[in-house]
2 protein chains.
Amino acid sequence: MQNTQNRITIKDIAKRANVSPRSVSLALNNEGRLSSATRENILKIAKEMDYQPNILARGLVNQKTYMIGVVLPYLTNSFFTNIISDIEERCLADGYDILLGNSSSTIKSEKGSIERMVNRRVDGIICCPDPRYFEFYNKLLGTGIPLIQIMTHIKGIDAKSLLVDDEEGGFLATNHLLELGHEKIGFVSFHEDYYEEIQLRGQGFRRALVKNGISLDLERFEMPSDLTIKGGYDAAVKLLQKNPDITAIFSSTDLAALGVIEACLDVGKRVPEDISVVGYDDIDFASLQIRYPLTTIAQPKDQIGALAFEMLKSLIAGNQPESILLKPELVVRKTTGQK
Amino acid sequence: MQNTQNRITIKDIAKRANVSPRSVSLALNNEGRLSSATRENILKIAKEMDYQPNILARGLVNQKTYMIGVVLPYLTNSFFTNIISDIEERCLADGYDILLGNSSSTIKSEKGSIERMVNRRVDGIICCPDPRYFEFYNKLLGTGIPLIQIMTHIKGIDAKSLLVDDEEGGFLATNHLLELGHEKIGFVSFHEDYYEEIQLRGQGFRRALVKNGISLDLERFEMPSDLTIKGGYDAAVKLLQKNPDITAIFSSTDLAALGVIEACLDVGKRVPEDISVVGYDDIDFASLQIRYPLTTIAQPKDQIGALAFEMLKSLIAGNQPESILLKPELVVRKTTGQK
DNA sequence: CATATTAAGGTAAACGTTATACCATTCATA
DNA sequence: TATGAATGGTATAACGTTTACCTTAATATG
């Protein structure tokens with residue numbers, strides 16, 4: 001099948017309307033000085049011929065594509081797809097489109113995605129940068145492309161960020177457990193240290209302990225993990241072995257929390273009667289769990305997409321938006337209870 | 001901040017290399033007859049200047065954008081995001097990018113998304129069309145744009161489709177229950193009839209009954225629902241009221257199945273000891289359920305994205321790929337058991 | 001009535017590529 | 001020694017818009 005797409009151009013309309021291409025352009029964009037008679041005639045003909053503007057050509061001369069790049073990890077993670085969905089909604093309203101990129105698999109894919117978007121001359125980029133690529137992003141920003149980093153950020157690069165206060169989140173989670181009377185609390189942390197944000201959750205954990213005058217031997221109560229389900233499971237098993245008197249566990253992600261709960265149940269502990277579990281992220285399935293809907297820290301995900309787009313738009317318009325730090329919220333469901 | 005993006009063009013390189021722009025183009029695309037000396041020199045300079053091709057300009061002259069549009073409903077549904085993720089992976093390998101569209105909210109958004117993509121001159125579209133928009137799609141296809149419909153299809157339009165055999169899926173689910181000895185089986189159906197695919201699940205359900213010589217009063221055993229969690233919950237409550245002797249329920253989606261299970265547990269039935277539940281889709285949280293991992297029908301989601309892209313590529317290349325009907329699979333987990 | 005102003009629209013050049021067509025050389029061949 | 005092919009390159013015109021800069025005619029101004 002030949003692609004015989006609608007190739008009506010502005011010139012075709014011009015010919016039919018007996019005017020110059022310029023007049024057609026003016027009429028279509030409702031600009032300039034044209035008699036309303038010609039203007040209306042042109043618009044009528046354009047409609048008749050089912051004219052569709054070629055946005056490429058327009059972009060070429062305007063130096064503006066009305067496309068933004070969105071590069072997030074884990075396109076299958078509902079947390080990120082919620083954000084994309086929100087951004088998309090905002091984009092539409094402003095005539096922007098989203099060029100999608102996935103940074104999850106490899107270094108190559110994150111840098112590759114961004115480079116492709118630059119080549120496509122997107123007007124700006126929203127991304128969740130891997131903190132290890134300082135050099136790359138630093139150079140990228142040197143070219144002046146508007147970029148907003150969300151959820152994570154790279155220290156020292158010249159880009160505004162939209163973050164959620166992970167330290168506060170860690171504090172909220174832990175404080176909730178303390179208020180329920182728990183004192184022996186396990187913490188499932190992340191085994192890599194380059195993501196500052198996730199480490200901050202641990203700082204919040206520690207601050208809450210200190211504030212409540214509780215001192216724990218962190219060598220025993222903190223267990224690093226890759227934060228997958230299996231990772232959470234293994235971490236919980238070890239925590240319970242080391243500390244049989246544990247009555248609560250705070251997991252750095254919901255996914256790992258799932259594993260934690262499985263592990264607790266498998267060793268015969270009831271949740272939350274014998275052991276309370278708090279997750280982090282409020283990922284979709286946290287609320288969708290049958291019988292074990294997860295108590296967790298919710299990121300304000302319904303704001304993130306929209307705010308990020310606003311910031312980017314402002315940047316594109318030449319302004320200097322401020323970085324934003326959003327506050328997380330505790331969502332109490334059924335996996336935590338009184339000690 | 002001014003956007004001072006990298007605006008090195010082919011002409012800048014030409015000047016530095018003392019050759020014509022044409023030669024630069026040839027060198028960069030590794031075409032034509034150029035002495036290896038000049039070719040290498042050009043490439044070297046291009047690299048030094050950190051040249052990035054302008055894909056817009058290229059697309060304008062080639063009449064090819066190397067972008068494809070992907071328009072799916074529910075960007076937040078992991079089933080669809082898995083597909084997008086797979087398509088994206090394939091795209092990359094072939095130098096394509098994805099322009100994202102969401103058709104979930106309104107008619108306007110589905111048609112709007114597609115129209116925007118056409119204006120952007122995408123090389124092709126993968127979509128999940130709403131069967132009610134026959135006219136729109138029919139006209140669209142008249143323009144010759146390559147389009148592949150996945151998961152759903154519109155009867156009578158000239159577009160190839162990639163579908164999964166929902167009738168077979170319904171059969172598999174029901175047959176599984178019958179093999180476990182269940183005879184009084186409830187069925188949660190979809191309350192709208194325009195999605196032929198979902199109705200087919202019901203046909204498979206009925207075929208399995210007939211094949212096993214079981215006759216049920218479908219007035220009593222089939223319950224229409226909107227297939228949300230709440231819808232599933234309500235449907236199950238009604239089914240159990242009408243038929244206290246029910247020992248199994250087949251739900252047209254996993255989401256509704258979640259509600260079904262909640263309802264069963266709430267009226268004091270154990271799952272699967274007292275009542276077995278089968279879902280449909282194998283959505284992420286089906287396997288992520290703590291204690292209630294769902295027995296369900298899995299769509300071959302790891303194939304769909306890749307196959308759809310291959311079909312589209314073939315179409316773009318001017319070939320006529322065949323429509324494909326994939327087979328679903330039964331995944332037995334923990335919500336079904338012997339009667 | 002001469003001149004300035006303005007309304008309405010045209011011409012042609014951009015934007016950054018690639019494609020078509022053509023022009024020089026050089027070198028082997030009859 | 002013409003002739004033809006191979007080699008290495010260039011000039012120019014697209015692609016579909018927008019825009020800077022003209023032109024013309026009509027109207028206003030004094």
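These values consider heavy atoms only, across backbone and side chains, with no hydrogens, waters or symmetry-generated copies. Within every chain, numbering begins at 1; the chains are lettered A, B, ... in the order of the sequence lines, protein sequences first and strands thereafter.
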All side-chain contact (heavy atoms from CB on, under 4.5 Å) counterparts of A/K64, not counting sequence neighbours: A/N62, A/Y66, A/Y96, A/D123, A/I316

Could you tell me whether B/S23 contacts a base, only the sugar-phosphate backbone, or nothing, with contacts defined as non-hydrogen atoms closer than 4.0 Å? base

Show, in sequence, the C-alpha distance, side-chain angles and deciding distance for B/E40 and B/K44, and conclude whether the salt bridge (charged side-chain N to carboxylate O under 4.0 Å, His left out) test is met. CA-CA 6 Å; B/E40 276 159 27; B/K44 184 170 141 267; over 6 Å; no

Only pairs under 3.5 Å count here: list side-chain donor-acceptor contacts from residues 303-315 of chain B, not counting sequence neighbours, and write none if there are none.
unit_1: B/E310; atom_1: OE2; unit_2: B/R90; atom_2: NH1; d: 2.9
unit_1: B/K313; atom_1: NZ; unit_2: B/D94; atom_2: OD2; d: 2.5

Mind checking which nucleotides bracket the chain B contacts on DNA chain C, 5' to 3', with an atom under 4.0 Å from a heavy atom? C/dG16 to C/dT20

Do B/K139 and B/E135 sit within salt-bridge range, that is, some charged N less than 4.0 Å from a carboxylate O? no

Between B/D130 and B/K111, does at least one N-O distance fall below 4.0 Å, as a salt bridge requires? no

Side-chain donor-acceptor contact under 3.5 Å, B/R39 with B/N30: yes

Going by atom types only, do B/T38 and B/S35 share a side-chain donor-acceptor pair under 3.5 Å? yes

Closest approach of B/R7 and A/R121, non-hydrogen atoms and distance? NH1-NE, 2.5 Å

Shortest non-hydrogen contact between A/S109 and A/N102, atoms and distance: OG-O, 3.0 Å

Does the protein touch nucleotides 15-28 of chain D at the base, only the backbone, or not at all? Give it as B, S and - per nucleotide, heavy atoms under 4.0 Å. BBBSBB--------

Qualifying residues under salt bridge (Lys or Arg N to Asp or Glu O under 4.0 Å), relative to A/E192, sequence neighbours excluded: none

For the helix from C/dC1-D/dG30 to C/dA30-D/dT1, how many degrees between its two end axes (five pairs per end), to the nearest 10°? 60°

